[in-house]
Amino acid sequence: MHLFDGQEDHFPPSALERIPETNSPEACFRSGAYSLVKNLRTAITHHRLSGRLANLIYSLNTTNTDFYAHQFKPVLQFLESPSNGILIADEVGLGKTIEAGLIWTELRARFDARRLLVVCPAVLRNKWRDELLNRFGVKAELVNADELRQRLETIRGKPRQEFALIASMQGLRPPSDFENLQNKQGAAKLARLLDDADISGEPLLNLVVIDEAHYLRNSSTKTNRLGHLLRAHAEHLVLLSATPIQLADSDLFSLLKLLDESAFPHEYLFDQSMEVTRPIIQLRDAVLAGRVSKLEFCNAIRETMANHFLEDNAQLASMLRRPPTEKELKSPDSRSEIADRLDRVHPLSKIVTRTLKRDVQANRVVREPFAIRAPLSDVEQSFYEQVTARVREYCQEHGLLTGFILTTPQRQMASCMPAACKAWQEKLSTGRIAGLDEAMYELASDESDDEVVEPSALGSLVTQLVEIAQSVGNYEQLRLHDSKYQLLRDELRKYFAALPEKKVVLFSFFRQTLAYLKERLSEDGMSCIVLQGGDDKDEVLRAFKADSGPQILLSSEVGSEGVDLQFSSLLVNYDLPWNPMKIEQRIGRIDRLGQQADKIVIWNLMYSNTIDERIYDRLLMRLDIFTQTLGSMESVIGRVISNITKELFSHQLSPAEENQRIERNQQALAEVRLRQTQLEAEAPNLIAHGDFIINKVNAAKNLERYVRSEDLYAYVTDYVLDNYPGTRFIPVEHELELYSVELAMELRVQLSQFVQEKGLHGQTRLLDVKPPPVLFENCHRAPSSSYERVAQDHPLVRFVASRLASHENASQRHPVSAVRLPSLLAKGAKPGCYVFTVARWSFSGAQTTERLVYVVKMLGSDSPLDAEQAEQLVNQAALGDDWTAARNQLEPDSVIDAFDECRGQIADQFYDVRQAMRDENDDRINLQVKLVRDRCERDVLRLREQMVKHREAGQERAIKLKKGQINKRYTLRDQRIAELRLKQQLEADNQFVTAGVIRVD
């Protein structure tokens, strides 16, 4: 026999069969022309690798992360977002960094995304770099404004280039005069590039991630301006913030406008759309609680549609025509699905997601705070009183404006008196007060664009403080009588005696305190390591985490952001931040996902009978700061702490008067907290019901809706070995999972051309003279120097996919397979013969989505398997064996009848889903059109009222101007509506993928 590759071979006649003239599934079933199991495996894996399937999670089990279902909720929400963006507002410690990395993994798999930019506070840059490399296999570079501008400028000439960049918010913020060409700052030049660049072509960036996005909430700041400049050139945008979502909050609107200005152009329209859809959310909650009958459901839908904004809502009309049955309203699974359908009516349902710790941690870690109070020695008492009095006098003399910075000496003394004394002595020689930056970290506003400037008069105060220190006994005396350190030492000795293997994290604001503690603790036989600004944070943390590493981490505030220390369960606040948000940041380093202890302990050290003790007792403890998270109170808390600071240091107050001032501010905060609790309870009004999404994630994991490593191996080797004789995959001795690859010359040439055409240089070493062995592992992690990992986006996998997608290969593919599957692998399917078919649905309108649909029917049964059982059985069959006797053992007519039933069910389901998607698509567009028209009418009404006043005043010129403005409003309205209508056309396609028979033994 002459083969397609020009070779000859001999086969016995019994091994040959005639190819039917038609290649349709029916003809193949009738003639018994079944193909091998590898054809089924190739067909399913090929469609999965296309990267567009909505019911597949390409980032699932493909990253170096532990599986937590809630971390995939933003991924699914993002994929359905009409705005190509999402606001992730999960509580602190739930893994927002990982969630953003999973979204990037999805984009790479689905859309061949190539360019990523992460914008974050400077202190988080190294954390982002390490997380991207170790968890997602992404090599990211740290860049400044100039370097980012240079990379962006080269994209138009090299549109296929790839990069992952990380930059700080502070370094990219555009100066207020960036439009001035004389401004040569890097941030100014970057802003001009972003402002002037053409946005009509391919986006400069495929994904921009902005961490700590609450810094952008104030629309008047430079950071917010940076966000808008980047958004214009970002195909997708992910905002990360731990700030809770609140309905009555303009901050939320500012972030949503950044995500999608066309959908959220005006705060008035945003508020109106939220109010209109409130009854839908109330109905959703009632459905979830099982409190709704079919009649009540229909009445609630009618009442909702009475509002003119929703009177034409196609999704609600569909639910009214075909309401859920009483049985469905009682079933938990059905209620969850109904709730999801109701959520889709809400404009925020797919662009805002929030998960709370209580939602994902069944046994919440208990926080147990302890106050460790150090009675002042005589030396310390005299020192404290004199310093406090002098600071207050100075505040009064120099006014309140410098009050924040003038508290630095007071806070240093409350941290550690010997270290403060030493720091002030250093001031005399250095000319700058040590610890200023650390103090301003606590006291400065998060949103301030201003730089910290030390008041020129501060030096005279420090000189006086040094004199006071020397007059009451100097540094050595304070060190000798350090009551606070002695308490810490004694408590640590007891702790390590009981728990010798444990690690302790200690925080202090001031470098001098940390240096002092390192010296004293080392002298007392306890090993410790310091983490502060300027240190190699990664190296310090690696040393601390090691089993043989130091017992104690002494950290400044640099360790309170972007550091994961959940392997420790004891945190020591050697000094107390007055701002509770800073306390929460510290505790959040150990109270994180992955904390194994049932209880974490927090030691709060303070001097007795001091301002710090009164703040602790009357503000921090009464607000329950140490056991509960604070939510979105940081902006309010900042103002209150400012007030307390000014009041306590600008007046000569007795202890009783200090208590009175503190309690007054505590009451104000308590009232705010009550309101925040109420707003947090309303958060479900803004975000989609989480259970349905979490169920989808868990189903994806259980049904293996991801590309497995064994799928990749079979997919590549099946095709390559069949089509490129001479290619070999040889198991490496002693390493059965590693293969040495020998490429046939034809494959080497074609793969090289493919790499050149697709711009995949540097992504594979298979074309080297001595290529490394390969590991088929669909997992993104840091690359290895000893082997090459073949994951779903590897050039060899992409090459095979492109060849199989060609018309020539597609026409040769056999449409039906026959498979035998042992019952142990059948996932509960009964022994017997099954007929299956798989289809691919594609929908394109305002959004594009695709999915694989499976239908399976057991021969002799009345009805098909349920959807999940069908999917699971077919995917397991792809790992089964060839059923070579199927032709002789099956009756063709019964197989074809079953196949026709399966195909008919797919057609019916497709009609229903297409109609639902058309309804959702229409509703989204129609609602936006109504909002645009309503806004236009409001603007025109306001302008007409102004015209009446101008007419009464005889101002004809002003009237003419207003008429022009009215005409412009109508023109803009019509243009915007025309743009929206273009997105309203929904194209749908139901494409056959494969079919066959399965015998479960």
Side-chain angles (χ1 to χ4, degrees), residues 37-63 75 79 102-114 136-137 700-701 703-724 729 747 750-751 754-755 757-760 763-764 766 774-780 788-810 812-815 817 838-842 848-854 871 874-879 989 991-994:
V37 67
K38 70 179 182 181
N39 294 83
L40 169 62
R41 188 165 57 226
T42 295
I44 292 177
T45 303
H46 178 71
H47 283 276
R48 285 183 157 199
L49 284 170
S50 69
R52 297 297 180 103
L53 300 180
N55 53 349
L56 226 68
I57 305 179
Y58 292 90
S59 53
L60 186 59
N61 278 20
T62 63
T63 60
V75 175
L79 293 176
L102 292 172
I103 288 175
W104 177 239
T105 303
E106 284 288 326
L107 288 176
R108 292 170 69 190
R110 290 176 177 272
F111 308 116
D112 193 23
R114 292 167 175 259
F136 303 100
K701 182 172 176 62
L703 296 172
E704 297 184 318
R705 286 178 178 158
Y706 51 88
V707 179
R708 300 169 294 198
S709 298
E710 55 266 37
D711 295 333
L712 286 181
Y713 172 78
Y715 182 70
V716 170
T717 57
D718 284 348
Y719 178 80
V720 167
L721 296 178
D722 281 353
N723 291 274
Y724 297 96
F729 292 84
L747 175 56
Q750 292 182 10
L751 179 60
F754 180 80
V755 169
E757 292 170 2
K758 301 298 182 181
L760 303 176
Q763 294 189 24
T764 180
L766 286 178
V774 299
L775 172 67
F776 285 90
E777 182 184 35
N778 198 23
C779 182
H780 296 89
E788 180 165 316
R789 184 177 291 106
V790 178
Q792 61 195 19
D793 57 352
H794 188 276
L796 182 58
V797 177
R798 296 169 69 169
F799 169 77
V800 171
S802 71
R803 301 292 295 178
L804 285 169
S806 68
H807 177 73
E808 178 185 356
N809 280 295
Q812 293 176 1
R813 205 170 299 146
H814 223 299
S817 306
V838 182
R840 183 187 184 108
W841 293 351
S842 303
T848 298
T849 182
E850 298 179 352
R851 66 183 71 172
L852 286 184
V853 182
Y854 302 74
E871 180 180 352
V874 174
N875 288 333
Q876 285 299 112
L879 302 176
D989 182 40
Q991 175 191 355
F992 172 81
V993 171
T994 189

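When reading the values below, keep in mind they use all heavy atoms of this one structure, side chains included, and skip hydrogens, waters and symmetry mates. A quick note: this is a predicted structure, and the numbers were derived from the prediction, not measured.
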Inset, instruction - Answer yes if the side chains of Asn778 and Tyr706 hold a donor-acceptor pair under 3.5 Å, and no otherwise. - result: no
[X] side chain near [Y] side chain, heavy-atom distance below 4.5 Å:
| X | Y | result |
| --- | --- | --- |
| Gln763 | His794 | no |
| Val755 | Phe799 | no |
| Val993 | Ile44 | no |
| Val838 | Val853 | no |
| His47 | Gln991 | yes |
| His780 | Arg108 | yes |

Legend entry - Chi angles and distances behind the salt bridge (Lys or Arg N to Asp or Glu O under 4.0 Å) call for Lys38, Asp718: CA-CA 7 Å; Lys38 70 179 182 181; Asp718 284 348; 5.4 Å; no
[atom2] on [Y] to [atom1] on [X], rounded to 0.5 Å:
| X | Y | atom1 | atom2 | result |
| --- | --- | --- | --- | --- |
| Leu775 | Tyr713 | CG | OH | 12.0 Å |
| Leu751 | Arg803 | CG | CZ | 11.0 Å |
| Gln792 | Thr62 | CD | OG1 | 5.5 Å |
| Asn875 | Arg41 | CG | CZ | 12.5 Å |
| Asp989 | Arg840 | CG | CZ | 10.0 Å |
| Arg48 | Leu56 | CZ | CG | 5.0 Å |

Is it true that a side-chain atom of [X] and a backbone atom of [Y] form a donor plus acceptor pair closer than 3.5 Å?
| X | Y | value |
| --- | --- | --- |
| Tyr854 | Ala839 | no |
| Glu106 | Ser59 | yes |
| Asn723 | Tyr719 | yes |

Legend entry - Nearest heavy-atom neighbours spanning Tyr715 and Thr42: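 Reported closest heavy-atom pair: CE1-O, 3.9 Å.
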Inset, instruction - Work out which heavy atom in Val716 is nearest to a heavy atom in Phe729; give both atom names and the distance. - result: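 Heavy atoms only, the tightest pair is CG1-CZ, 4.2 Å.
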Legend entry - Ionic contact status for Arg798 with Asp112, cut-off 4.0 Å: yes
Inset, instruction - With Pro795 as reference, evaluate Val790, Leu760, Val800, Leu766 under the side chain to side chain contact (heavy atoms under 4.5 Å, CB included) test and give the passing residue. - result: Leu760
